Amino acid sequence: YQLASFYSKVASQFKKSNEVCSNGLEILTQSTNVLLQARLLRLMGMNEHYLGAWENAQHHYQSAIQLLELQPSLSKVMEEE
């Protein structure tokens, strides 16, 4: 997540950030780390937004929201970020 954030927020390399996020999500498919999955999806949504791919951005945001709806206590953590 930190590497993907660097590519997005510091280097403005949104496509590279999405690659890192995608790789992270593939690794996390068997994980129960919902918070990290939601963070990666949210970052992918932000990247797509900056790239002008609005529908893709909305899809990633919606996926993150759906994960957080399963565990409402994690929503508070995401709100604070």
Side-chain angles (χ1 to χ4, degrees):
Y1 174 75
Q2 291 176 343
L3 181 60
S5 289
F6 170 81
Y7 281 126
S8 178
K9 297 173 183 175
V10 177
S12 297
Q13 294 183 15
F14 308 116
K15 289 181 182 179
K16 181 66 176 176
S17 177
N18 271 356
E19 288 176 27
V20 174
C21 288
S22 292
N23 290 339
L25 286 171
E26 285 180 28
I27 293 168
L28 290 170
T29 55
Q30 301 300 322
S31 173
T32 58
N33 193 337
V34 173
L35 185 58
L36 183 54
Q37 291 174 0
R39 284 178 174 150
L40 289 169
L41 288 164
R42 179 187 63 186
L43 184 57
M44 290 178 80
M46 290 170 41
N47 291 332
E48 294 291 349
H49 175 88
Y50 293 136
L51 291 168
W54 317 117
E55 290 180 17
N56 289 344
Q58 185 162 348
H59 169 75
H60 291 302
Y61 289 138
Q62 190 64 39
S63 296
I65 289 168
Q66 288 172 348
L67 279 175
L68 292 172
E69 285 176 340
L70 299 174
Q71 296 185 3
S73 62
L74 297 178
S75 294
K76 294 280 186 196
V77 175
M78 290 286 283
E79 288 175 9
E80 295 173 1
E81 294 182 354

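It should be emphasised that the depicted structure is a prediction, and the values quoted were computed from it without experimental measurement.
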Participant: Give a yes or no on whether Met46 and Leu36 share a hydrophobic cluster (residues Ile, Leu, Val, Met, Phe, Trp, Tyr; joining criterion: side-chain heavy atoms under 4.5 Å apart).
Facilitator: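 Result: yes, single cluster for both.
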Participant: So Val34 and Leu70, do their side chains get closer than 4.5 Å, heavy atoms only?
Facilitator: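 Side chain of Leu70 against side chain of Val34, heavy atoms only: no contact under 4.5 Å found.
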Participant: For the atom pair CE (Met44) and CG (Leu51), what is the distance rounded to the nearest 0.5 Å?
Facilitator: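 One gets 11.0 Å once the value is rounded to the nearest 0.5 Å.
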Participant: Nearest 0.5 Å, please: how far is OG1 in Thr32 from CD in Gln37?
Facilitator: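 Output value for this atom pair is 8.5 Å.
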Participant: Is there a donor-acceptor pair under 3.5 Å between the side chain of Ser8 and the backbone N or O of Ser5?
Facilitator: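 Between the backbone of Ser5 and the side chain of Ser8 there is no qualifying donor-acceptor contact (under 3.5 Å).
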Participant: Got a second to check how far Tyr1's OH is from Leu40's CG, nearest 0.5 Å?
Facilitator: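 It comes to 8.0 Å.
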Participant: If you look only at pairs with a residue in residues 55-72, which of them pass as a side-chain hydrogen bond (donor to acceptor under 3.5 Å, both in side chains), with sequence neighbours excluded?
Facilitator: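 Output for this query is empty, none listed.
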Participant: Is it the case that one hydrophobic cluster holds both Leu35 and Leu67, taking links as side-chain heavy atoms less than 4.5 Å apart, direct or via other members?
Facilitator: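 Yes; tracing contacts between hydrophobic side chains, which count when under 4.5 Å, links both residues.
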Participant: Nearest 0.5 angstrom please: Asn33 CG to Ile27 CD1, how far?
Facilitator: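 Reported to 0.5 Å precision, the distance equals 12.5 Å.
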Participant: side-chain contact (heavy atoms from CB on, under 4.5 Å) with Leu68: which residues, sequence neighbours excluded?
Facilitator: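 In terms of side-chain contact (heavy atoms from CB on, under 4.5 Å), with neighbours along the sequence ignored, Leu68 is linked to Ala38, Leu74, Ser75, Met78.
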Participant: Using a 3.5 Å cut-off and no angle test, enumerate the donor-acceptor pairs between side-chain atoms of residues 13-25 and protein atoms at least two apart in sequence or in another chain.
Facilitator:
from	atom 1	to	atom 2	distance (Å)
Ser17	OG	Ala4	O	2.7
Ser17	OG	Asn47	ND2	2.9
Asn18	OD1	Asn47	ND2	2.9
Asn18	ND2	Glu48	OE2	3.0
Ser22	OG	Asn18	O	3.1
Asn23	ND2	Glu19	O	3.3

Participant: For the hydrophobic clusters of this structure (ILVMFWY residues joined by side-chain heavy atoms under 4.5 Å, transitively), does one cluster hold both Tyr7 and Val10?
Facilitator: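 In one cluster with Tyr7: Val10, yes.
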Participant: Out of curiosity, does Leu41 fall in the hydrophobic cluster containing Tyr50 (side-chain heavy atoms, cut-off under 4.5 Å, transitive links)?
Facilitator: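 Yes, same cluster.
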